[in-house]
Asker: 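Can you read through this structure? Questions will come right after.
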Amino acid sequence: MKKIYLDNAATTAVDESVIKAMVPYFNEKYGNASSQHLFGQEAKRAMEESRVIIAKAIGARYDEIYFTSGGTEANNWVIKEIGFANQANDKNHIITTKIEHDCVLNSCNLMEKLGFNVTYLDVDKQGFVNPKDVENAITDKTLLVSVIHGNNEIGTIQDLQSIGRICKEKGVYFHTDACQSFTKVKINVKKIPIDLITLNAHKIHGPKGIGALYIRKGTKIGALLHGGGHEQGLRSGTENIPGIIGFARAVKIANFRDIKKMQELRDKLINGILKSIPDAKLNGPKGNKRLCNNINILFKGVEAEAIGGYLDAKAICSSTGSACSSHTLDPSHVLIAIGLSPEQANSSIRLSLSKFNTKEEINYILKILPKIIKKLRKISVFR
Ligand SMILES: Cc1ncc(COP(=O)(O)O)c(C=O)c1O
């Protein structure tokens, strides 16, 4: 049975051309970028060329890109080290939202334990943050606003421009977690007033274990890892050169054609499900304020875990929420934040696409999913 992979918000297949670009940096050009010999300098050059590619993709300067081990690390870095570096001026207030990735929320929880105040903003029924709410929450003690760009569970894309403008006016740092939106939704730091952006590679057909933090020049932030002074002294540790090369290659091959294809497949799948399955409801917005690859549907009266099991038996990989944080059986905090009951949240599945999915795969899912839901509703204890 051929596998149909619809869990691309969790991670993506590494593109063949990314693998090809990375391989020589494991076994031929394996120098340490800090070594002075030719071998080391070859690695350093490749790393700096990669940094330029990633910087260009968001309109940044190359020396505003700092490599990390991924999105989790970059988000931890921002929340903690913006906090610690600025608390001296009596600034101890962080604003974020109720729909952030766990790595932001848990970092904020830690900051609360350390004496910071954190405001967790509500969102509306489609997951949008109201910029007015950001404005109203800012006080003279606020130092940072952190709002996820494209939500990993329901695909909602936030209005960074409006939120950024408010933060700039109020003199507050603005950060976004763009792990899900990077290369899918344009971000240009020359146009959007934003100070920090979290990026990673494994959502865009790059390797796992590599990401980056954009830090606007002049931002006061402490070092994350102390050591030999790598990454301008802010993130020490021998650089992951193959990962960095793969990340840059993944950014380079991302293109509008693939976005358009995913959008079309997304809408075909959403419309097909809503048409053919009664009591099915889309979680999150429709249209271009939704990530091009995200589908999240509530099937009334059916347990999502059971749907996932039946799909799995047909070799279709889906998700009941955020795979990066689904170590608990608690209902998704994102679905609760948009107003679903715990029961509705546990009846919702996420299907997330990549450029590798096909129309034939979508047709196949539209053929078997109604049968699965019908069968499960017959035996459901919920109804
Ligand atoms: C929105 C978002 N932020 C952060 C992360 C964590 O990134 P990483 O897996 O690179 O640590 C993920 C998922 O992995 C994500 O979806």
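Positions are given from 1, in the same order as the sequence printed here. All heavy atoms count here, side chains included; hydrogens, waters and symmetry mates do not. Numbering of ligands and ligand atoms starts at 1, following listing order. Just so we're clear, the structure is a prediction, and the values are computed from it rather than from any experiment.
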Asker: State, without any angle test, whether Asn75 and Thr198 hold a side-chain donor-acceptor pair at a distance under 3.5 Å.
Answerer: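 Asn75 vs Thr198: donor-acceptor pair found between side chains.
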Asker: Say whether, by atom type as modelled, one donor and one acceptor occur between the side chain of His149 and the main chain of Ser181 under 3.5 angstrom.
Answerer: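 A pair under 3.5 Å: no.
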Asker: Check side chain to side chain contact (heavy atoms under 4.5 Å, CB included) between Ser354 and all other residues, then give those that pass, not counting sequence neighbours.
Answerer: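 Listed in chain order: Asn8, His205, Phe356, Asn357.
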Asker: For residues 16-46, pull every pair meeting ring-ring contact (aromatic ring centres under 6.0 Å, His included), keeping only residues two or more places apart or in separate chains.
Answerer: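 For residues 16-46: Tyr30-Phe39.
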Asker: Could you list which atoms of ligand 1 come closer than 4.0 Å to a heavy atom of Asn200?
Answerer: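 Near Asn200, meaning under 4.0 Å from one of its heavy atoms, ligand 1 has 7 (O), 8 (P), 10 (O).
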Asker: More than 12 heavy atoms of other residues, nucleotides or ligands under 6.0 Å from NZ of Lys217: is that the case?
Answerer: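 Yes, NZ of Lys217 has more than 12 neighbouring heavy atoms, counting only those of other groups under 6.0 Å.
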Asker: Could you see which bit of Val104 sits under 4.0 Å from ligand 1, with heavy atoms only: side chain, backbone, both or neither?
Answerer: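 No part of Val104 comes within reach of ligand 1.
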Asker: Give the contacting part of Lys208 toward ligand 1: side chain, backbone, both or neither, where contact means a heavy-atom distance below 4.0 Å.
Answerer: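 Neither; nothing of Lys208 gets under 4.0 Å from ligand 1.
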Asker: Give the atoms of ligand 1, by number and element, whose distance to some non-hydrogen atom of Ile148 is under 4.0 Å.
Answerer: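 With Ile148 as reference, the close atoms of ligand 1 come out as 1 (C).
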Asker: Distance under 4.0 Å to a non-hydrogen atom of Gly70: what atoms of ligand 1 satisfy this?
Answerer: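 Once the distances to Gly70 are compared, the set is 10 (O).
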Asker: Residue-level breakdown please: for Thr72 versus ligand 1, do any non-hydrogen atoms fall below 4.0 Å on the side chain, on the backbone, on both, or on neither?
Answerer: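 Both the backbone and the side chain of Thr72 come within reach of ligand 1.
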Asker: Test of understanding: given a 4.0 Å heavy-atom threshold, classify the contact between Lys203 and ligand 1 as side chain, backbone, both, or neither.
Answerer: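 The answer is the side chain of Lys203.
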Asker: Sort out for me which residue in Asn117, Val145, Leu144, Thr119 forms a side chain to side chain contact (heavy atoms under 4.5 Å, CB included) with Ile94.
Answerer: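 Option passing the side chain to side chain contact (heavy atoms under 4.5 Å, CB included) with Ile94: Leu144.
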Asker: Is it the case that ligand 1 has an N or O less than 3.5 angstrom from some N or O of Gly150?
Answerer: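 Checking ligand 1 against Gly150, no N or O pair falls under 3.5 Å apart.
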Asker: Are any of the N/O atoms on Gln180, whether in the backbone or the side chain, positioned under 3.5 angstrom from an N/O atom of ligand 1?
Answerer: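 Right, the criterion is met.
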